Amino acid sequence: MLIFHSIVALQQYLDEQRKKGLTIGFVPTMGALHQGHISLINTAKHNNDLAVCSIFVNPTQFNNAHDLAVYPRTLDADSAMLEAVGCDIVFAPSAEEMYPKPTSLKFDFGDLERVMEGQFRPGHFNGVGIVVSKLFHIVQPNKAYFGQKDLQQCAIINCLVQDLNFDLELVICPTQRENDGLAMSSRNRNLSPEQRALAPTLYACLQQAKTQLLDNIDIATVKENLANQLDVIAGIELEYFEIADFETLQPLSGVLSQRALPTKTALCIAAFLGKTRLIDNLIITHS
Ligand code: PAF
């Protein structure tokens, strides 16, 4: 496995591989890798000649200095995990390499970023748009792999790829979960044992909300039930729970019942366990 820190060196190497006709599958990450990332690498490896993983904790997508400061940085352990599963190339640039000067670029993804993550983390998707565009230009992959856990990020990147004509295929892979249902996330390692024990509640709540919607309980009541359920659990602070149209991610509201749900509905949650912010989602498909 080759590790590059320099953009130019990586580009030179990848140009040579492309000239040989090899295809590139790309998994952008911020490191602190877990089995969710590894499953993306495995898929990239399976469907391309070369698997490239970037590891870069992107400062422009953090709107909270504490979150950026405590974001785990574990390059040695990450590299060992990637090598063990046969990843071909790691790109681990410094912040100076990626941003030699502050960028004043601004992305605005419209309604897509006015809700949920975009609403509660202002500027977050601007930072994601900037870094993912830069990474796509640097790596020029045939396929790029992202996890469904970051559902709104997937929609934003899909918009980026379409609107800016990136010549690549976006592949969205299912959320990987621990045995107790907790969505795998780099942030899980910041949870205390007590918080870790509470964390699967988020997925359990999403599943209960799904059952209620399928039982024809209206959206407003389902949202209220979930909020009430979490309200009595000390240690979990709900930030948002939305029931949204999967295509537009615009929240559905009111007394809409299951019969009136769109073909695909996304149930999305964000909550704090202490200072650790977790997100999760679940999709309901019905005809
Ligand atoms: O999902 C992430 O880890 C990051 O948002 C990404 C896509 C690597 C951009 O920094």
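Just follow the structure's listing: the first ligand is 1, and inside any ligand the first atom is 1. By convention here, the first residue in the shown sequence is residue 1. Model, not experiment: these values are computed from the prediction.
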Student: So for ligand 1, is N58 a polar contact partner (N or O within less than 3.5 Å, distance only)?
Tutor: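 The answer is no, given that N58 and ligand 1 share no N or O pair closer than 3.5 Å.
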Student: Output, in order, the C-alpha distance, side-chain angles, deciding distance and verdict of side chain to side chain contact (heavy atoms under 4.5 Å, CB included) for I233 and T201.
Tutor: CA-CA 10 Å; I233 303 180; T201 311; 3.6 Å; yes
Student: Go through ligand 1 atom by atom and flag the ones less than 4.0 Å from a non-hydrogen atom of V131.
Tutor: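 Per the distance check, 9 (C), 10 (O).
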Student: Write down the atom of S79, the atom of I3, and the distance for their closest heavy-atom approach.
Tutor: OG-CD1, 3.8 Å
Student: Is a donor from one side chain sitting under 3.5 angstrom from an acceptor on the other, for Q250 and D111?
Tutor: no
Student: Mark up the atoms of ligand 1 that fall under 4.0 Å of a heavy atom belonging to F146, in ascending order.
Tutor: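 It comes down to these atoms of ligand 1: 7 (C).
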Student: Report the part of T29 (side chain from C-beta onward, or backbone N, CA, C, O) that has a heavy atom under 4.0 Å from ligand 1; answer both or neither where that applies.
Tutor: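 The answer is the backbone of T29.
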Student: Using side chain to side chain contact (heavy atoms under 4.5 Å, CB included), reason through Y145 and I41 one step at a time and then give a plain yes or no.
Tutor: CA-CA 8 Å; Y145 297 83; I41 297 287; over 6 Å; no
Student: Does a side chain donor of either Q207 or K210 reach within less than 3.5 Å of an acceptor in the other side chain?
Tutor: no
Student: With atom 4 (C) of ligand 1 as the reference point, say which of H37, Q61, K149 has the nearest heavy atom.
Tutor: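 Among H37, Q61, K149, the closest heavy atom to atom 4 (C) of ligand 1 comes from Q61.
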Student: Which atoms of ligand 1 have any heavy atom of Q153 under 4.0 Å away?
Tutor: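 The list of qualifying atoms is 1 (O), 2 (C), 4 (C), 5 (O), 7 (C).
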